[in-house]
Amino acid sequence: MLMSQLYAPTLRETPAEAELASHRFMLRAGLIRRSAAGVYSFLPLGLRVIRKVEAIIREEMSKIGGQEVLMPIVQPAELWHATGRWNDYGDEMFRLVDRHNRQFCLGPTHEELITDLIRSEVRSYRQLPLRLYQIQNKYRDEIRPRFGLIRGREFIMKDMYSFDRDEQGLDESYWACYHAYERIFARCGLDARPVEADSGAIGGDVTHEFMVLADAGEDLVLYCTSCEYAANVERAEAGPVASAKAAGEQLPMEEVATPGTTTIQEITAFLGVEATQCIKTMIYLADGEPVAALVRGDHELNEVKLQRLLGCSQLELADPETIAQVTNAPVGFAGPVGLAVPIVADHAVLEMVNAVTGANKADYHVKNVNVGRDFNADKAADIRAAQPGDPCPTCGAPLTSAWGIEVGQVFKLGTKYSAALKATFLDENGKEQPLIMGCYGIGVGRTAAAVIEQNHDEHGICWPMSIAPYHVIVVPVSVKDEQQWETAQAIYKALQDAQVEVVLDDRDERPGVKFKDADLIGFPIRITVGPKSLSQGNVEVTLRKTGDRTEVPVHQITEYVVNIISKG
RNA sequence: CGGGGCGUAGCGCAGUUUGGCUAGCGCGCCUGCCUUGGGAGCAGGAGGCCGGAGGUUCAAAUCCUCUCGCCCCGACCA
């Protein structure tokens, strides 16, 4: 490909919309252009990268017996009604109505479709296991699309669905895919790590997310530095805390005036106590029913854990009116003593002695509150967010935290969809059983973006060889110099003949312009054909990632480059 | 959805507070000259319904009303 013909409109300045490195460089290097919020076109260079990521995915899916299918983006509402997700998905689903007033959605995912697709054909255990996958656009009307391809409303996703006869089969499918994902991300040049995760609306109980650790990540990951434990903060178990019970005698409860102090920070300053002595009481509405959740003052409540514990489909902080009704006080003075709604307490709260908490009375708190004597929790559970420094649930060493970009997730779904859609098979005994399902997604565009987050410098992208849009760019310092131009063309042709993906920068530009564009786009190898080296019969090979420069004789250049590429 | 901000040339922005002649600047683009190892220089040039609609006014990018779009923070999220 000639640079003068390549549709890669590079930008000198960064468009105002972009903040993250991946977003900035994808725009500046001419990989993508925005069409609407969270909706992008892929230009030739961007598409080449996407296709390479997809090719790696296809190879690895194929290795574990995955067969590719293509399913509709437009999906009928009935299937979604059958699983209840037409409602559960809420505003995140793009919905449309046809001329006959029939309802459809743009598929945010394909569990319903795939289950419908196989349920009439798969009849026998002899047809199992079955692993089907698709790579295609999916649609989610995100509340806030951002960061370019990292959180779009239209995005390319690979999803594999597995169908097995029993739990053991599911386990095999799950771990086969888990290991395929490790290979896929490694081949894309990513440092990705699997972490335990929450399964959210999609259902299921066992699940791992593959996280690319990067400051730009949207998920907080807690991991252990001395063992393999790693988990999304939504899921991370909070270990036990030191009990205060032995430390002190229970003192008589005492009401104190605390005018205008509604936050833990204000209370600790006003009363001169530690946050660890305070009980934070939050009133939630679980499917509309009020419930009080207690955590220690220095802890954060984990809503995902609370929701899972309560088994509700909607969980939100109660509005001020409800709080006033439940606690007889304005927001900021809630406490468990004498409260008439169900109380859920974090384990750490049960270990507290002589705690400070709201008095359920405007401008008052109570001191020396003790569990068992002054109030009882209806449920005690792990409902706080684990935090850095907490003991690892596996080995007890302190946990560390980091931000992660979720590039893939594997789920054991079980029978949620097969039961709802009556996808069954006959086992060896002729007995009808629901198929046991798993699903396994990879965000393709997001993976490419994550690669840039981990592989860039101030000048631009540093593509790993495996997914670089082209391997090599040949840059003659001056195309007007006959010897340089002839040599550059000869090298270009020789590399093409050797199946190298190469671009020749044939533009009559000053060298600085060509070098800047080469760095921005991120060709892993640059061959500079200039007067200095050429007088020695050499050209200069520069590696984008390391900046290493090597003089190579013109007649050896093809072999030299092919060798670098084959090493990845 | 709540809070904040922005829509003026392909990109980045000024001008809007205090209405006034032909709407500017840098980059990019086109032509010519010149230059060729890290985004050169000179000269000439093209490109705008100032997001859209309505209103006020002798006069609107500028004031008013409505609307559409985008960005950031939060809530939310396979």
Side-chain angles (χ1 to χ4, degrees), chain A residues 9-20 23-24 27-28 30 33-39 85 88-93 107-112 138-148 150-153 155 157-161 197-204 207-210 218-219 232 234 303-304 307 314-317 319 406-411 413 416-417 438-443 446 458-460 475-481 484-485 505 507-520 526-535 539-540 542 547 549:
Chain A
T10 57
L11 303 173
R12 289 198 183 193
E13 289 172 283
T14 303
E17 64 187 272
E19 290 201 333
L20 285 199
H23 191 192
R24 254 184 3 244
L27 287 169
R28 283 194 52 205
R33 285 292 184 266
R34 190 178 60 80
S35 169
V39 180
R85 291 209 295 179
D88 292 352
Y89 236 102
D91 294 335
E92 207 178 308
M93 187 145 72
T109 178
H110 283 72
E111 282 82 14
E112 279 80 358
K138 309 217 174 184
Y139 297 82
R140 291 181 198 166
D141 193 0
E142 293 282 347
I143 291 173
R144 187 143 88 87
R146 57 183 142 178
F147 304 149
I150 290 189
R151 183 166 293 268
R153 296 193 294 172
F155 52 96
M157 181 136 139
K158 187 283 305 185
D159 255 325
M160 182 166 86
Y161 301 95
D198 182 73
S199 57
I202 200 159
T207 176
H208 286 85
E209 291 168 333
F210 284 77
E218 297 181 281
D219 290 287
N232 190 310
E234 293 176 351
E303 291 188 2
V304 174
Q307 181 163 10
Q314 288 280 328
L315 181 73
E316 56 185 349
L317 270 172
D319 52 284
E406 181 198 339
V407 288
Q409 186 163 14
V410 290
F411 293 91
L413 290 176
K416 173 172 176 173
Y417 299 95
C439 81
Y440 318 89
I442 289 180
R446 186 184 277 188
E458 72 212 88
H459 302 294
V475 182
V477 168
S478 170
V479 294
K480 295 251 175 81
D481 180 289
Q484 288 177 38
W485 178 234
D505 198 340
R507 296 175 299 171
D508 182 15
E509 289 282 358
R510 295 168 60 83
V513 172
K514 294 189 273 198
F515 293 155
K516 288 288 185 188
D517 274 343
D519 288 349
L520 179 60
R526 189 182 86 204
I527 300 174
T528 310
V529 182
K532 295 179 206 161
S533 314
L534 211 49
S535 63
V539 290
E540 185 180 277
T542 309
R549 296 177 182 204

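Every chain is numbered from 1, with letters handed out A, B, ... down the list of sequences.
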Discussion item. Work out how far the C1' atom of B/G26 is from that of B/G39, and round it to whole angstrom.
Written reply: 14 Å

Fill in: pair A/R33-A/L27: side-chain heavy atoms closer than 4.5 Å
yes

Fill in: Integer-rounded Å distance: B/C77 C1' and A/M93 CE
15 Å

Practice prompt. Calculate the interatomic distance between A/L520 atom CG and B/G38 atom P; express it in whole Å.
Written response: 18 Å

Discussion item. Roughly how many Å apart are B/G54 and B/C71, using the P atom of each and rounding to a whole number?
Written reply: 28 Å

Worksheet item: Which of the following nucleotides, B/C70, B/A40, B/G37, is nearest to the side chain of A/R510?
Response: B/A40

Discussion item. Nearest to the side chain of A/R28, heavy atoms from C-beta on, is which of B/C77, B/U36, B/G39?
Written reply: B/G39

Worksheet item: Looking for any heavy atom pair under 4.0 Å, which part of the strands does A/E406 touch: base, sugar-phosphate only, or nothing?
Response: base

Worksheet item: Quick one: which of B/C29, B/C77, B/G38 gets closest to the side chain of A/R151?
Response: B/C77

Quick test: give all pairs of protein nitrogen or oxygen and nucleotides 71-74 of chain B nitrogen or oxygen below 3.5 Å, distance rounded to 0.1 Å.
residue: B/C73; atom: OP2; partner: A/R144; partner atom: NH1; Å: 2.7
residue: B/C73; atom: OP2; partner: A/R144; partner atom: NH2; Å: 2.6

Discussion item. Under 4.0 Å between a side-chain nitrogen and a carboxylate oxygen: does that hold for A/E218 and A/R146?
Written reply: yes

Fill in: Spacing of A/D508 atom CG relative to B/G39 atom C1', expressed in whole Å
15 Å

Fill in: Spacing of the C1' atoms in B/C21 and B/C11 (rounded, Å)
30 Å

Discussion item. Give me the distance, rounded to whole Å, that separates B/G38 from B/C77 when you measure between the C1' atoms they each carry.
Written reply: 44 Å

Worksheet item: What does B/U65 pair with, Watson-Crick or G-U, if both distances are under 3.5 Å?
Response: B/A53

Practice prompt. Classify the nucleic acid contact of A/E234 as base, sugar-phosphate or nothing, counting any heavy atom under 4.0 Å across all strands shown.
Written response: nothing

Discussion item. Measuring only the P atom in each nucleotide, how far is B/U36 from B/G41? A whole number of Å is fine.
Written reply: 15 Å

Practice prompt. Pick base, sugar-phosphate or nothing for A/D519, based on heavy-atom distances below 4.0 Å to the nucleic acid.
Written response: base

Worksheet item: Base, sugar-phosphate, or nothing: which does A/K138 touch, judged by heavy atoms less than 4.0 Å apart?
Response: nothing

Worksheet item: Would you call A/M157 and A/R446 a side-chain contact if the rule is heavy atoms closer than 4.5 Å?
Response: no

Discussion item. If the cut-off is 4.0 Å, is A/R12 near the phosphate of B/G39, judged by side-chain N/O to OP1 or OP2?
Written reply: no

Worksheet item: Rounding to the closest angstrom, what is the interatomic distance between B/C25 and B/A9 at atom C1'?
Response: 12 Å

Fill in: Residue matched to B/U17 through Watson-Crick or wobble contacts both under 3.5 angstrom
none

Item to complete: Take atom CD of A/E509 and atom P of B/C29, then tell me their distance rounded to the nearest Å.
Response: 7 Å

Discussion item. Using a heavy-atom cut-off of 4.0 Å across all strands, would you classify A/R549 as base, sugar-phosphate, or nothing?
Written reply: base

Discussion item. What is the distance, to the nearest angstrom, from the CD atom on A/E142 to the C1' atom on B/A75?
Written reply: 14 Å

Fill in: Inter-nucleotide P distance (B/A61, B/G45), Å rounded
26 Å

Worksheet item: Shortest non-hydrogen contact from A/Q484 to A/V477?
Response: OE1-N, 3.2 Å

Item to complete: Apply ring-ring contact (aromatic ring centres under 6.0 Å, His included) to A/Y440 and list each qualifying residue two or more places apart in sequence or on a separate chain.
Response: none

Worksheet item: Touch check for A/R526, heavy atoms < 4.0 angstrom, all strands: base, sugar-phosphate only, or nothing?
Response: base

Discussion item. Using a heavy-atom cut-off of 4.0 Å across all strands, would you classify A/E540 as base, sugar-phosphate, or nothing?
Written reply: base

Worksheet item: Looking at A/D141 and A/D91, what are the two nearest heavy atoms and their distance?
Response: CB-O, 3.7 Å

Worksheet entry | Euclidean distance for P, B/U67 against B/G20 (whole angstrom) | 28 Å

Practice prompt. For A/Q409, report the nucleic acid contact type (base, sugar-phosphate, nothing); a contact means any heavy atom under 4.0 Å.
Written response: base

Worksheet entry | Whole-Å gap separating P (B/G38) and CG (A/D505) | 15 Å

Worksheet, complete the sentence: Comparing nearest nucleotides in RNA chain B, the 5'-proximal residue of the pair A/V529, A/E13 is A/E13

Only pairs under 3.5 Å count here: list side-chain donor-acceptor contacts from residues 10-18 of chain A, not counting sequence neighbours, and write none if there are none.
residue: A/T10; atom: OG1; partner: A/D517; partner atom: OD1; Å: 3.0
residue: A/E17; atom: OE1; partner: A/R34; partner atom: NE; Å: 3.4

Discussion item. Quick check: on RNA chain B, is the nucleotide nearest A/D219 upstream (toward 5') of the one nearest A/P531, or the reverse? Name the residue that is more 5'.
Written reply: A/P531

Practice prompt. For the pair A/R153 (side chain) and A/A37 (backbone), establish whether a donor and an acceptor sit closer than 3.5 Å, ignoring hydrogens and angles.
Written response: yes

Practice prompt. Can you tell me the distance, in whole Å, between the CG atom of A/D517 and the P atom of B/G38?
Written response: 15 Å

Worksheet item: For the pair made of NE2 in A/H459 and C1' in B/G38, what is the distance, rounded to whole Å?
Response: 9 Å

Practice prompt. For the pair A/R549 and A/E540, find out whether any cationic side-chain nitrogen is under 4.0 Å from an anionic carboxylate oxygen.
Written response: yes

